[in-house]
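All remarks here apply to the structure that follows.
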Amino acid sequence: MTPEDKTWLKEWLPKIAVVAYLLCILAFMGSHVRPGSIESLVFALKLGIGPALIGTLVVIALMYYWRRRT
């Protein structure tokens with residue numbers, strides 16, 4: 001991996017991870033029995049980590065593949 005690729009990764013990884021985590025939190029909060037409560041927030045904070053991590057890795061891998069291809 002070149003230094004330019006590492007810089008690109010350092011720039012994009014946090015942005016994509018934060019957006020994915022927030023989307024997962026909102027999805028899990030909305031699917032809770034009592035949406036909008038503190039219980040739903042705690043539920044979403046715990047369960048949102050896994051899907052956000054997987055989604056981030058998939059998106060970064062696809063973006064990196066596409067970047068190297070062009």
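Remember, it's a predicted structure, so these values are computed and weren't measured experimentally. One is the number of the first residue; the rest follow in order along the sequence.
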Practice problem: With side chain to side chain contact (heavy atoms under 4.5 Å, CB included) as the test, would you mind laying out the steps for D5 and R68 before giving the verdict? | Solution: CA-CA 9 Å; D5 289 339; R68 299 300 293 168; 3.1 Å; yes

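- Every residue was checked against the side-chain hydrogen bond (donor to acceptor under 3.5 Å, both in side chains) condition with E11, not counting sequence neighbours, and none meets it.
- Between Y64 and M1, some side-chain heavy-atom pair lies under the 4.5 Å cut-off.
- In the displayed structure, L62 atom CG is contacted under 6.0 Å by more than 12 heavy atoms of other residues, nucleotides or ligands.
- Hydrophobic cluster membership differs between L47 and L41, with clusters built from Ile, Leu, Val, Met, Phe, Trp and Tyr side chains linked at under 4.5 angstrom.
- For the atom pair T7 OG1 and E4 CD, the distance stands at 7.5 Å (nearest 0.5 Å).
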Would you list the atom pairs, donor with acceptor, under 3.5 Å between side chains in residues 22-32 and any protein atom, with sequence neighbours excluded?
residue : atom : partner : partner atom : Å
S31     : OG   : A27     : O            : 3.3
S31     : OG   : F28     : O            : 3.1
H32     : ND1  : R34     : N            : 3.1

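- Distance check, rounded to the nearest 0.5 Å: CD1 of I60 to NZ of K15 gives 10.5 Å.
- Evaluation of the salt bridge (Lys or Arg N to Asp or Glu O under 4.0 Å) rule for K10 yields no partner, not counting sequence neighbours.
- The CH2 atom of W12 sits 5.0 Å away from atom CE of M63, with the distance rounded to the nearest 0.5 Å.
- Interatomic distance, CG of L57 versus CG of L13, reported as 8.0 Å (0.5 Å rounding).
- Nearest heavy atoms, A17 versus T56: CA-OG1, 3.4 Å.
- A donor-acceptor pair under 3.5 Å is absent between the side-chain atoms of Y21 and the main chain of L53, judged by distance alone.
- One distance of note links CG of L45 with CD1 of I38; it measures 9.5 Å at 0.5 Å rounding.
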